[in-house]
2 protein chains.
Amino acid sequence: MSIEIPTQVVFYKVERAIKEYRKYAQKKISEKVQDITVDQGLILLFLKHYPELSQKEIAALVFKDNASMTRMIDLMVKKEYLVRSTNEEDRRRYNIEITDKGKTVLEKLPPVILENRKKALAGISIDEIEQVEKVLDKIIINCTTNQ
Amino acid sequence: MSIEIPTQVVFYKVERAIKEYRKYAQKKISEKVQDITVDQGLILLFLKHYPELSQKEIAALVFKDNASMTRMIDLMVKKEYLVRSTNEEDRRRYNIEITDKGKTVLEKLPPVILENRKKALAGISIDEIEQVEKVLDKIIINCTTNQ
DNA sequence: CAAATATATTTGATATATCAATTAAAAACA
DNA sequence: TGTTTTTAATTGATATATCAAATATATTTG
């Protein structure tokens, strides 16, 4: 059985697009904020909106596994963007708080992020984006429904 | 400046879709072929179609950097899917050959890959896919053209 | 209540990602 | 030709990805 080479398949382009966007976004963020990755920025944004999140919940939101999240939070604590304290209602979990240093980062991020999205999506209509999201939703469902 | 939470942005969905597809594809591949990752399979497919590829060229095709490629090929040599030999026309490069064990894998992969794509793209029209590719192309260009 | 099960997090092992520095060979150049 | 500049690949350091096993606490169940 022969198949076309991978470059001809839509997933190849999806992979490339997200990687180029990440590379671009990281470059722009690094110009404005020292020592923060795209994913660390995402974690800060989620924690700001939902301060009660556990590590496991954050992991699910940013599509990482729990082990990775442990190590990412470790690092963010070491770099003083976050502090951990045990949750007294459920001593298996941590309360995770954003430090002042983390808040400073959070102030700088939004304009950069908005600008990045704007640049990456230039010349693309709302309609096209919705169309893409519709297809991506189908792919997600296809890949996650059992069997 | 306030921004919407990341889940509301198309890139979030792109990220999720490609991750779910990778997870699904890896699961299906692992059922049929022992000890091969999606990326290692991709490398085999590219080498089959273009046997002259250098490590650097393969890296570009699968969106990895040279250092990662060195280590991935190291591993694939150790697992006996590939053999390296120096290229006598350009002694900085390697000739990379697929071993018999690698060829056996290559025989098993295509049906699984075709089935995976079929499942992941079920209920999505050619037209929709082309639409998505068009938008992704714009994003890629937006993120890679300077400034 | 005690035992079994489930859950949140951590740890270890191995692979991959990324950046910067290094090495060896090729190509350009003066 | 000898020197400089490029290029392909490697190495080291650090971070992240992934899986399996371990730990500590909660919850369920008999």
Side-chain angles (χ1 to χ4, degrees), chain A residues 15-16 18-27 29-31 34-43 52-79 81-96, chain B residues 15-16 18-27 29-31 34-43 47 50 52-79 81-96:
Chain A
E15 189 94 39
R16 170 135 194 239
I18 194 67
K19 287 210 174 183
E20 298 294 3
Y21 175 66
R22 277 186 160 267
K23 195 179 299 177
Y24 175 76
Q26 184 64 65
K27 190 178 133 226
I29 286 176
S30 297
E31 286 170 7
Q34 293 308 308
D35 209 29
I36 265 285
T37 68
V38 170
D39 285 317
Q40 289 169 356
L42 264 184
I43 292 173
E52 305 298 308
L53 290 173
S54 67
Q55 293 188 183
K56 188 184 162 81
E57 289 161 344
I58 300 170
L61 282 169
V62 296
F63 316 131
K64 317 268 172 192
D65 85 334
N66 298 341
S68 294
M69 194 45 55
T70 291
R71 282 152 183 149
M72 290 177 77
I73 304 265
D74 280 351
L75 192 62
M76 291 179 77
V77 168
K78 197 169 118 195
K79 295 193 169 169
Y81 297 124
L82 300 176
V83 286
R84 274 197 273 229
S85 56
T86 39
N87 181 325
E88 292 303 331
E89 282 85 57
D90 181 346
R91 299 178 50 79
R92 289 169 304 184
R93 305 171 48 136
Y94 288 117
N95 300 321
I96 303 174
Chain B
E15 188 94 40
R16 169 132 196 241
I18 195 66
K19 289 211 172 180
E20 297 294 3
Y21 175 66
R22 277 187 160 265
K23 195 180 299 177
Y24 175 76
Q26 184 64 65
K27 189 177 134 228
I29 286 176
S30 297
E31 286 171 7
Q34 293 308 309
D35 210 29
I36 265 285
T37 68
V38 170
D39 285 317
Q40 289 169 355
L42 263 184
I43 292 174
L47 278 170
Y50 308 110
E52 305 298 308
L53 290 173
S54 67
Q55 292 189 185
K56 188 184 161 82
E57 289 161 345
I58 300 171
L61 282 169
V62 296
F63 317 130
K64 317 268 173 194
D65 84 334
N66 298 342
S68 294
M69 194 46 54
T70 292
R71 283 150 182 150
M72 289 178 78
I73 304 266
D74 280 350
L75 192 62
M76 291 180 76
V77 167
K78 198 169 116 194
K79 294 194 171 168
Y81 297 123
L82 301 176
V83 287
R84 273 197 273 227
S85 56
T86 39
N87 180 326
E88 291 303 332
E89 283 85 57
D90 182 345
R91 300 178 51 78
R92 289 169 303 183
R93 305 171 49 134
Y94 289 116
N95 300 321
I96 303 173

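Lettering of chains follows the sequences in order, A, B, ..., and the numbering in each one begins at 1. Please read these numbers as outputs of a predicted model, since none were measured by experiment.
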*Which sits closer to the 5' end of DNA chain C, B:Ser68 or B:Leu75, going by the nucleotide each is nearest to?*
B:Leu75

_So, taking the atom named CD1 in B:Ile73 and the one named CZ in B:Arg84, what distance separates them when rounded to the nearest 0.5 Å?_
6.5 Å

*Out of curiosity, A:Leu82 CG to A:Asn95 CG, how far, rounded to the nearest 0.5 Å?*
12.5 Å

_What's B:Asp90 touching, base or sugar-phosphate or nothing? Going by heavy atoms closer than 4.0 Å._
sugar-phosphate

*Answer yes when A:Arg22 and A:Asp39 have at least one side-chain N-carboxylate O distance shorter than 4.0 Å, and no when they do not.*
yes

*CD of A:Glu52: more than 12 outside heavy atoms within 6.0 angstrom?*
no

*With a 4.0 angstrom cut-off to heavy atoms of chain A, pull out the first and last contacting nucleotide of DNA chain C, in 5'-to-3' order.*
C:dT7 to C:dA13

*Between B:Met69 and B:Lys19, which is nearer to the 5' end of DNA chain D once each is assigned its nearest nucleotide?*
B:Met69

*asked:* Could you check whether A:Arg93 pairs with A:Glu57 (Lys NZ or Arg NE/NH1/NH2 to Asp/Glu carboxylate O, under 4.0 Å)?
replied: yes

*asked:* Reading DNA chain C from 5' onward, which residue's closest nucleotide shows up sooner: B:Glu89 or A:Ile96?
replied: A:Ile96

*Give one of base, sugar-phosphate or nothing for B:Gln26, where a contact means two heavy atoms less than 4.0 Å apart.*
nothing

*Would you indicate which nucleotide in D:dT10, D:dC19, D:dT7 comes nearest to any side-chain atom of B:Thr70?*
D:dT10

*Does the side chain of B:Lys56 get closer than 4.0 angstrom to OP1 or OP2 of D:dA9 through an N or O atom?*
no

*Would you classify A:Ser54 as touching base, sugar-phosphate or nothing, given that sugar-phosphate means primed atoms plus P, OP1 and OP2, and contacts are heavy atoms under 4.0 Å?*
sugar-phosphate

*Take atom CG of B:Asn66 and atom C1' of D:dA9, then tell me their distance rounded to the nearest Å.*
7 Å

*Report the distance from atom CD1 of B:Ile43 to atom CE of B:Met69, rounding to the nearest 0.5 Å.*
4.0 Å

*Rounded to whole angstroms, how far apart are CG on B:Leu53 and P on D:dA9?*
10 Å

*A:Arg71 near the nucleic acid: base, sugar-phosphate alone, or nothing, with a heavy-atom cut-off under 4.0 Å?*
base

*With a non-hydrogen cut-off below 4.0 angstrom, is A:Glu57 in contact with a base, only sugar-phosphate, or nothing?*
nothing

_Can you tell me if A:Glu88 has over 12 outside heavy atoms packed within less than 6.0 Å of its CD?_
yes

_Sugar-phosphate, base or nothing in reach of A:Arg22, heavy atoms under 4.0 Å_ = nothing

*asked:* Measure CG/B:Asp35 against P/D:dC19 and give the value in whole Å, please.
replied: 13 Å

